[in-house]
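First the proteins, then the strands, lettered A, B, ... as listed; each starts at 1.
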Amino acid sequence: MLDIRLIREQPDFVKSRIATRGGDDAAKIDEVLRVDATRRKAETALQQLNGDRKRLSKEIGGKRARGEASDELETRVREVGDQISLLNEQTSAADEEQKRLLLQIPNLPHANAPVGKDASENPVVRSWGEKPALSGTVLDHLALGTQLKLFDLERAAKLSGSGFICFTGAGARLERALINFMLDLHTREHGYLEISPPFLVRRECMIGTTQLPKFEEDMYGLENGELFLAPTAEVPVTNFHREEILGPAELPKKFVAYTPCFRREAGSAGRETRGIIRVHQFDKVELVKITAPENSYAEHESLTANAERVLQLLGLHYRVIELCTGDLGFGGAKTYDIEVWSPGQNAYLEVSSCTNFEEFQARRMNLRFKDADGKNRFCHTLNGSGLALPRLFAALIETYQQPDGSVRIPEKLQPHFGAAEIR
RNA sequence: GGUGAGGUGGCUGAGUGGUCGAAAGCAGCGCUUUGCUAAAGCGCCGUACUCCAAAAGGGUACCGAGGGUUCGAAUCCCUCCCUCACCGCCA
């Protein structure tokens with residue numbers, strides 16, 4: 001959520017910055033400004049009347065205490081009261097309308113974000129390792145997984161429909177090993193606090209981290225409309241401190257959480273739907289930071305580096321791209337995507353999206369900290385996968401496949417997996 | 001799921017219709033006293049919105065949330081949320 005004051009004071013700046021995203025949000029800015037003016041006018045009048053009532057009511061109290069008549073005053077206050085309830089309705093209506101509009105205006109991209117219209121214009125920031133030189137027939141993860149009985153998609157469909165995975169045997173163990181490997185890395189070597197949060201979250205939390213109100217159709221909600229299946233651990237973990245004022249020494253907060261993630265992926269049928277690349281439920285280890293504004297960009301770099309470390313230790317080739325303004329998510333100010341190389345797809349697969357939201361989410365969830373001067377200010381929030389499992393799983397077995405159809409387990413993962421190969 | 005108790009400022013805690021944004025204590029900040037520490041005394045010490053070009057300074061709202069009664073609500077009524085205790089059910 002943007003600061004209404006910023007919009008009010010620098011509407012052209014806000015419009016031009018948001019325009020780089022490519023949407024047509026200028027109209028929303030004008031609308032919110034119009035509502036804001038109405039709201040403030042009504043509010044000022046309301047405050048005036050409230051003051052009148054307060055004063056007159058006290059007078060009545062005084063008169064009564066002295067045994068004097070107060071009928072005339074009471075009539076007057078009653079009239080003021082009627083005006084107040086009228087204005088009250090106008091004010092709260094304008095207030096709600098303003099809030100509703102503000103929730104739909106995206107964040108301003110960072111000043112240095114590369115300007116571009118869509119994913120095709122995302123610059124590559126760096127890459128690590130090289131594409132593996134595989135000999136013989138290169139199998140994709142679907143063929144490998146089926147052959148080695150690592151997962152069973154047909155039976156998963158029998159249980160839950162298409163777009164679900166059921167890991168089996170060594171596949172289930174590999175999934176679990178990867179989760180533990182990543183959690184251990186981030187907690188022991190990168191200093192994150194492990195959180196195991198609820199998977200069902202309230203509507204307010206979904207609003208706080210910007211999944212709602214705009215993307216409700218992509219979310220799984222429960223019948224009562226109140227609880228949602230979290231689409232990422234970002235939601236419960238970032239909201240962990242919602243409505244709080246953190247002490248000056250508490251920042252930065254660094255959390256890591258493993259959770260399943262639930263997504264409808266509405267409208268994505270036919271796109272990347274083969275295999276386990278895009279599914280309705282998947283496991284993910286998520287990194288979340290809550291920082292002071294001054295440090296958020298440094299923390300953004302280190303968070304991205306922490307996520308990259310997973311791929312480095314597993315020896316998987318990847319590249320890091322920065323999202324251009326046209327491809328940036330709704331709440332993000334700056335985002336790096338980490339893409340792992342998939343020999344089977346002959347393509348890079350997104351396994352992490354590391355984003356600095358600045359105070360956009362913090363404003364929505366009223367998450368603040370007390371700075372050195374004792375002033376309450378909004379925190380900055382960041383998150384990134386560290387990493388998303390199915391695609392990592394796919395890239396790993398594809399990269400480490402052997403000519404005889406077996407899969408080698410990278411050395412660093414062997415202690416967690418308990419074996420050196422799958423065959 | 002049932003019954004009961006309760007939700008007040010950073011914390012503890014008073015306040016059952018008017019002068020209460022809210023006593024008191026603790027913590028915090030400033031000053032005085034003091035050889036240092038300690039102690040004592042005095043003062044300050046919530047948030048949001050809004051008015052004013054800005055500052056200074058006003059104003060309004062907020063005592064879990066939302067409605068209601070009333071000239072006037074922290075205080076009375078209703079609904080909801082949450083916490084605690086006990087009972088029931090259950091992995």
Pairing nucleotide - B:C84, Watson-Crick or G-U, each distance under 3.5 Å: B:G4

Residue A:Ile60, side-chain heavy atoms: nucleotide from B:C49, B:C71, B:G21 that is nearest: B:C71

Same-atom distance (P) from B:G67 to B:A61, integer angstrom: 15 Å

Choosing from B:C49, B:U50, B:A61, which nucleotide comes nearest the side chain of A:Asn50? B:A61

Check the phosphate of B:A48 against A:Arg368, side-chain N and O only, distance under 4.0 Å to OP1 or OP2. Yes or no? yes

Is A:Lys15 paired with A:Asp30 through a side-chain N to carboxylate O contact shorter than 4.0 Å? yes

Looking only at atom P, what distance separates B:G18 and B:C77, rounded to whole Å? 16 Å

Output, in order, the C-alpha distance, side-chain angles, deciding distance and verdict of salt bridge (Lys or Arg N to Asp or Glu O under 4.0 Å) for A:Glu421 and A:Arg408. CA-CA 4 Å; A:Glu421 59 171 16; A:Arg408 193 160 60 80; over 6 Å; no

Heavy-atom neighbours of A:Arg17 CZ exceed 12 at 6.0 Å: yes

Counting side-chain heavy atoms from C-beta on, which of B:C82, B:C51, B:C49 comes nearest to A:Arg202? B:C82

Could you measure between the two C1' atoms, the one in B:G6 and the one in B:C63, and give it in whole Å? 14 Å

Distance check, C1' atoms only: B:C82 and B:G64, in whole angstrom units. 7 Å

Between B:A61 and A:Lys54, is there an OP1 or OP2 to side-chain N/O distance shorter than 4.0 Å? yes

A:Arg64 side chain near B:C71 phosphate (N/O to OP1/OP2, under 4.0 Å): no

Please tell me which of the listed nucleotides, B:C71, B:U50, B:G21, lies nearest to the side chain of A:Glu74? B:C71

